[in-house]
Colleague: 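Before we start, here is the structure in question, set down as structure tokens.
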Amino acid sequence: MLKTNNCIDLSNLTLGKSIILAGWVANRRDHGNLIFLDLRDQSGIAQVVIDADINEELHKMAKSIRNEWVIQISGIIRERPEGSENPKLPTGYVEVITHDLTILNESITPPFEINDDITVDESIRLKYRYLDLRRIRMSNILALRHNVVKFIREFLNKRNFLEIETPILIKSTPEGARDYLVPSRLYPSEFYALPQSPQQLKQLLMVSGIEKYYQIARCFRDEDPRSDRQPEFTQLDLEMSFVEQEDILSLTEELYFNLVKEIVPHKKIVSPFPRITYADAIAKYGTDRPDTRYDLKLHDLTTLLSNSEFNIFKKIINNKGIIRGFTAPNAAHYKRKDIDGLIDFAKTYGSQGLMWIAIDETTSNNIEEDSIRSPIKNHVPFTEILQIASELNANPGDLILIVAGTEKITNLTLSALRAEMANRLDLIDTSVLAFTFVTDFPLFEWDDEIKKWKSLHHPFTSPSDDQLEKLQISPESITSNAYDLVCNGLECAGGSIRISNREMQEKIFEILGYTNQEIQSQFQQLLTAFDYGAPPHGGIAGGIERLVMLLSDTDNIRDVIAFPKTQKFIDPLFESPSKVTQEQLAELHLETIEKDNE
RNA sequence: GGGGCUGUAGUUCAGUUGGUUAGAAUAUCGCACUGUCACUGCGAAGGUCGUGGGUUCAAAUCCCAUCAGUCUCGCCA
């Protein structure tokens with residue numbers, strides 16, 4: 001080795017010990033005859049001193065050294081002189097006095113400064129990702145991610161799970177997300193697809209008699225970008241035989257709880273994880289992935305207002321819409337401008353608008369007619385406003401926000417508003433990881449565009465046992481054995497107890513509108529396997545990136561991936577995607593079509 | 001596929017109502033300096049104002065197109 005120790009070790013070693021360090025020059029402070037270097041390696045930073053009185057040759061060499069040069073120094077650990085300690089550094093009470101120095105490599109001036117405090121345009125960071133990752137913050141996140149995956153592996157290995165790799169080149173199936181395709185050279189006009197998840201493969205492993213499987217699995221989905229999405233991502237994929245929902249939930253809880261305790265002990269986490277049904281989650285939060293770090297629960301006003309004379313309410317209710325709202329505490333001071341901002345915000349989710357009632361503080365501490373400010377004040381009697389306020393537990397000083405419209409858009413808008421107000425009112429304790437299980441998902445939802453039933457989870461999810469008779473009659477009312485683990489408003493993991501018999505699986509495909517031929521071509525391998533004795537089984541899959549994001553307090557998925565793509569799915573480092581040669585295309589029996597500029 | 005914001009020195013940004021030589025900080029380069037750690041002091045260099053077109057006597061500034069980054073709606077079983 002070119003080094004005997006890491007920089008961070010410095011403070012733990014005995015004074016006077018002779019050591020060799022190697023790393024990058026993070027900073028140089030030249031005081032003439034005395035030069036200080038901050039030497040950075042993966043572990044951290046150590047101060048190195050070069051004194052002209054000790055060795056003039058070395059001192060001359062050190063004069064030429066610049067940031068990001070790679071050097072090796074040997075020297076002796078010593079205490080810093082009194083008054084020159086630096087409490088900001090873990091190694092700030094000691095330093096290395098240099099007796100020998102080798103320049104291992106020089107560096108040109110980097111395109112941005114390598115320290116944690118900078119903000120640099122992301123395309124530049126990604127183009128020079130190898131420099132970006134030299135920042136301590138970035139390498140710490142990589143280490144955190146490593147520790148997460150390591151913990152998961154050790155946790156599951158201890159419980160006799162087998163880690164099994166499944167193919168990356170599999171078969172395209174049109175349901176779900178768009179596939180990434182890989183052309184076959186040996187079979188003209190035929191393609192492999194990259195897995196969106198190893199779903200069918202892990203179920204086949206269950207039929208194989210592997211009773212406990214897991215995989216840190218790479219998944220690929222060719223969907224449009226979002227700030228928390230990448231075209232390829234990693235999931236903890238796990239599946240077990242002979243289990244019921246409770247077994248998966250308790251295993252998942254134990255895993256995530258212990259993982260948090262071990263890896264980010266400073267985070268607050270509640271155990272047992274609260275559980276909420278899908279229906280309750282929608283009712284209270286307007287979404288199936290509620291952020292439970294703050295209250296702001298939604299309340300339904302549809303029944304209360306069913307006899308209202310106010311035209312807007314009447315119309316919504318007659319059209320089978322809903323009216324719902326919540327109270328933003330101590331927000332009555334919101335100015336017209338703030339509220340207009342909220343209205344615009346609400347409209348981006350498709351709602352027609354946003355009704356608001358500001359209740360000013362009164363001397364009597366009661367809600368008085370004069371203390372109400374609201375655009376609906378002149379259309380709705382005061383008693384009705386009082387009823388609304390009472391239903392929403394609103395008090396003087398609060399701001400009531402109400403959305404009316406179709407169920408879907410109203411809930412979507414309110415859940416977004418809820419998060420927005422929590423942010424604005426600073427109601428979120430960022431040190432909390434609020435894990436919650438959401439259970440009893442509906443099995444199907446109606447897709448009005450293609451006029452078909454769609455699986456809410458996926459088509460292999462089993463319906464709840466006690467509801468099988470409703471399967472044909474009212475598919476919308478049937479719940480499933482599907483569950484999600486939600487944390488701070490993010491879906492962290494999702495899974496289900498699967499269907500493990502052929503007849504049931506075929507019945508579900510039928511309801512989903514698959515033709516016999518489609519079933520045959522896409523799922524025959526699974527259905528045939530079920531003919532040979534499939535064990536009851538179920539599992540869960542959790543996103544690794546999202547988990548690491550939660551643990552490392554970043555809302556940028558690119559921060560938790562070593563070499564991510566931009567939000568347009570471009571890699572600025574390799575400049576991919578890229579053109580390939582005509583020879584490569586010919587070999588794959590492909591031709592490209594130039595896109596017209598219409 | 002739709003919408004918002006951004007693009008000016010290596011980097012992060014300012015740039016007024018369209019008007020003289022486009023500024024600051026930091027990084028870089030040079031000199032000085034023995035206790036700094038955002039070292040300090042003095043000096044220097046550094047610009048296709050994303051790109052293309054248009055309006056104008058005059059464009060970083062106004063208009064159109066385009067590219068890139070980011071956020072977002074749809075989409076992501």
Side-chain angles (χ1 to χ4, degrees), chain A residues 26-39 45-54 59 63 66-68 80-89 91-92 95 97 108-128 131 173-179 196-197 199-200 219-231 233 344-351 409 412-413 416 441 443-445 447 449-450 452-461 480 482 491 494 496 508-509 512 514 522 543 555-556 558 565-568 570 572 597:
Chain A
N27 195 12
R28 184 178 70 107
R29 293 177 293 279
D30 187 341
H31 286 249
N33 282 334
L34 197 62
I35 296 175
F36 300 96
L37 298 178
D38 285 343
L39 189 68
I45 283 178
Q47 174 164 285
V48 166
V49 187
I50 294 126
D51 190 337
D53 291 347
I54 290 183
H59 179 260
K63 278 252 179 232
R66 292 296 180 270
N67 283 358
E68 300 311 318
R80 295 197 190 184
E82 209 180 323
S84 70
E85 303 90 348
N86 181 1
K88 284 187 241 166
L89 278 183
T91 59
E95 62 190 12
I97 180 73
I108 59 173
T109 305
F112 50 84
E113 289 166 64
I114 309 216
N115 68 57
D116 285 353
D117 308 324
I118 52 157
T119 50
V120 181
D121 190 80
E122 260 197 281
S123 57
I124 297 168
R125 285 176 54 196
L126 293 184
K127 181 171 179 183
Y128 299 95
L131 298 180
T173 53
E175 91 287 358
R178 201 176 290 112
D179 282 324
Q196 296 173 26
S197 85
Q199 182 60 37
Q200 286 195 59
C219 304
F220 306 85
R221 293 179 192 174
D222 190 5
E223 285 302 331
D224 283 356
R226 275 295 173 82
S227 59
D228 59 351
R229 278 186 217 157
Q230 285 272 299
F233 58 96
D344 287 342
F345 179 84
K347 283 181 178 166
T348 63
Y349 295 89
S351 86
I409 285 176
L412 178 70
T413 307
F441 277 79
L443 187 59
F444 301 113
E445 63 179 344
D447 186 329
E449 255 176 52
I450 54 171
K452 274 184 183 173
W453 291 107
K454 271 172 51 177
S455 293
L456 204 72
H457 189 55
H458 58 50
F460 315 109
T461 302
S480 66
E491 185 194 326
S496 62
I508 299 292
F509 285 143
L512 291 171
Y514 287 99
Q522 288 168 36
D555 52 8
N556 183 343
R558 295 174 293 275
K565 302 192 174 44
T566 68
Q567 208 193 53
K568 293 269 164 66
I570 282 170
N597 295 322

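Below, chain A is the first sequence line, B the second, and so on; all start at residue 1. These numbers come from the heavy atoms of this one structure, side chains and all, not from hydrogens, waters or symmetry mates.
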Colleague: For the P atoms, the ones on B:G35 and on B:U20, what distance do you get once it is rounded to whole angstrom?
Modeller: 48 Å

Colleague: Under 4.0 Å between a side-chain nitrogen and a carboxylate oxygen: does that hold for A:Glu223 and A:Arg229?
Modeller: no

Colleague: With a 4.0 Å limit, can you tell me whether A:Arg66 has a side-chain N or O closer than that to the phosphate oxygens OP1/OP2 of B:G30?
Modeller: yes

Colleague: Consider the side chain of A:Lys454, meaning its heavy atoms from C-beta on, and name the nucleotide among B:A77, B:G35, B:U11 that approaches it most closely.
Modeller: B:A77

Colleague: Taking the C1' atom in each of B:U6 and B:G50, what is the distance between them to the nearest angstrom?
Modeller: 11 Å

Colleague: Flag yes if more than 12 heavy atoms outside A:Asp555 fall under 6.0 Å of its CG atom; otherwise flag no.
Modeller: no

Colleague: Using the C1' atom in both, what is the distance from B:A22 to B:U36, to the nearest Å?
Modeller: 36 Å

Colleague: Does A:Phe112 lie flat on the base of B:U11, that is, centres under 5.5 Å apart and planes under 30° off?
Modeller: no

Colleague: Please classify the nucleic acid contact of A:Pro459 as base, sugar-phosphate, or nothing, using heavy-atom distances under 4.0 Å.
Modeller: base

Colleague: Nearest to the side chain of A:Lys568 - B:G35, B:G10, B:U70?
Modeller: B:U70

Colleague: Quick one, A:Ser480 and A:Leu456 - any side-chain contact, counting heavy atoms below 4.5 Å?
Modeller: no

Colleague: Between B:U12, B:C75, B:A77, which one does the side chain of A:Asp224 approach most closely?
Modeller: B:C75

Colleague: Between B:C75 and B:C5, how many Å separate the two C1' atoms, rounded to a whole number?
Modeller: 22 Å

Colleague: Where the side chain of A:Tyr349 is defined as all heavy atoms beyond and including C-beta, which of B:U70, B:U12, B:C73 is the nearest nucleotide?
Modeller: B:C73

Colleague: If the P atom of B:G18 is compared with that of B:A44, how far apart are they to the nearest Å?
Modeller: 35 Å

Colleague: So, does A:Arg558 get its side chain near the phosphate of B:C71, meaning an N or O under 4.0 Å from OP1 or OP2?
Modeller: yes

Colleague: Between B:C63 and B:U17, how far is it from one P atom to the other, in whole Å?
Modeller: 14 Å

Colleague: Quick one: is B:A38 close enough that its OP1 or OP2 comes under 4.0 Å of any side-chain N or O from A:Lys88?
Modeller: yes

Colleague: Which nucleotide wins on minimum distance to the side chain of A:Asp30, given the candidates B:A77, B:C33, B:G74?
Modeller: B:C33

Colleague: Work out how far the C1' atom of B:C76 is from that of B:U8, and round it to whole angstrom.
Modeller: 38 Å

Colleague: What is the distance from CG of A:Asp51 to P of B:U36, rounded to the nearest Å?
Modeller: 15 Å

Colleague: OP1 or OP2 of B:A27 versus the side-chain N and O atoms of A:Asn67: is any pair under 4.0 Å?
Modeller: no

Colleague: Should B:C39 form a Watson-Crick or G-U wobble pair with both distances under 3.5 Å, which nucleotide is its partner?
Modeller: none

Colleague: Please determine if a side-chain N or O atom of A:Gln567 lies less than 4.0 Å away from the OP1 or OP2 oxygen of B:C71.
Modeller: yes

Colleague: With sequence neighbours left out, write down each residue that passes salt bridge (Lys or Arg N to Asp or Glu O under 4.0 Å) with A:Lys127, or none if nothing qualifies.
Modeller: none

Colleague: Only pairs with both distances under 3.5 Å count, Watson-Crick or wobble alike; so what is the partner of B:C62 in this structure?
Modeller: B:G54

Colleague: For atom CD1 of A:Ile450, is the number of surrounding heavy atoms from other residues, nucleotides or ligands below 6.0 Å larger than 12?
Modeller: yes

Colleague: Ignoring hydrogens and geometry beyond distance, is the side chain of A:Gln47 in donor-acceptor contact with the base of B:U36 at under 3.5 Å?
Modeller: yes

Colleague: NA contact type, A:Glu68, heavy-atom cut-off 4.0 Å: base, sugar-phosphate, or nothing?
Modeller: nothing

Colleague: To the nearest Å, give me how far apart CG (A:Asp447) and P (B:C75) are.
Modeller: 8 Å

Colleague: To the nearest Å, give me how far apart CG (A:Asn33) and P (B:G35) are.
Modeller: 10 Å

Colleague: Taking NE2 from A:His59 and P from B:A32, how many angstroms apart are they, rounded to a whole number?
Modeller: 11 Å

Colleague: Given B:U11, B:C75, B:C33, identify the nucleotide with an atom nearest to the side chain of A:Val120.
Modeller: B:U11

Colleague: With a non-hydrogen cut-off below 4.0 angstrom, is A:Glu85 in contact with a base, only sugar-phosphate, or nothing?
Modeller: base

Colleague: Could you state the CZ-P distance from A:Phe509 to B:A77, rounded to the nearest angstrom?
Modeller: 15 Å

Colleague: What is the distance, rounded to the nearest whole Å, between atom CD1 of A:Ile409 and atom P of B:G74?
Modeller: 9 Å

Colleague: Between A:Ala52 and A:His457, which residue's closest nucleotide on RNA chain B lies nearer the 5′ terminus?
Modeller: A:Ala52

Colleague: Which value, in whole Å, describes the distance between the C1' atoms of nucleotides B:U21 and B:G46?
Modeller: 16 Å

Colleague: Mind checking who B:G47 pairs with, Watson-Crick or G-U wobble, both distances under 3.5 Å?
Modeller: none

Colleague: OP1 or OP2 of B:C73 versus the side-chain N and O atoms of A:Arg226: is any pair under 4.0 Å?
Modeller: yes

Colleague: Counting only Watson-Crick pairs (N1-N3 plus N6-O4 or O6-N4) and G-U wobbles (N1-O2, O6-N3), all under 3.5 Å, who is the partner of B:U70?
Modeller: B:G4

Colleague: Indicate, with a heavy-atom threshold strictly under 4.0 Å, whether A:Leu512 touches base, sugar-phosphate, or nothing.
Modeller: nothing

Colleague: Over 60° means perpendicular and under 30° means parallel, so tell me whether A:Phe509 and A:Phe460 are parallel, tilted or perpendicular.
Modeller: perpendicular

Colleague: Send over the distance from A:Ile124 CD1 to B:G7 P, rounded to a whole Å.
Modeller: 13 Å

Colleague: Consider the side chain of A:Arg221, meaning its heavy atoms from C-beta on, and name the nucleotide among B:G74, B:G10, B:C76 that approaches it most closely.
Modeller: B:C76

Colleague: Using a cut-off of less than 4.0 Å, is there contact between a side-chain N or O of A:Arg125 and OP1 or OP2 of B:U11?
Modeller: no

Colleague: Please tell me if A:Arg80 has a side-chain N or O lying less than 4.0 Å from either OP1 or OP2 of B:U36.
Modeller: no

Colleague: Does atom NZ of A:Lys63 have more than 12 heavy-atom neighbours from other groups under 6.0 Å away?
Modeller: yes

Colleague: Looking at A:Ser351 and A:Ala346, would you say the former's side chain and the latter's main chain have a donor-acceptor pair under 3.5 Å?
Modeller: yes

Colleague: If we only count heavy atoms from C-beta on, is the A:Lys568 to A:Pro225 side-chain gap below 4.5 Å?
Modeller: no

Colleague: Taking the side chain of A:Glu223 as its heavy atoms from C-beta onward, which of B:A77, B:C75, B:U70 lies nearest to it?
Modeller: B:C75

Colleague: Take A:Arg29 and A:Thr348, find for each the nucleotide of RNA chain B with the closest heavy atom, and name the residue whose nucleotide sits nearer the 5' end.
Modeller: A:Arg29

Colleague: To the side chain of A:Thr566, which of B:U72, B:U26, B:G69 is closest?
Modeller: B:G69

Colleague: Test your reading of the model: is there a side-chain donor-acceptor pair from A:Arg29 to the backbone of A:Phe36, 3.5 Å cut-off?
Modeller: no

Colleague: Identify which nucleotide among B:C39, B:G74, B:U28 has an atom closest to any side-chain atom of A:His31, counting heavy atoms from C-beta outward.
Modeller: B:C39

Colleague: Counting only side-chain nitrogens and oxygens, does A:Ser227 get under 4.0 Å of the OP1 or OP2 atom of B:U72?
Modeller: yes

Colleague: Please state how far atom CG in A:Asp38 lies from atom P in B:C39, giving the value in whole angstrom units.
Modeller: 8 Å

Colleague: Considering Watson-Crick and G-U wobble pairs with both distances under 3.5 Å, what does B:A24 pair with?
Modeller: B:U12

Colleague: When we call it a touch if two heavy atoms are under 4.0 Å apart, what does A:Leu412 touch: a base, just sugar-phosphate, or nothing?
Modeller: sugar-phosphate

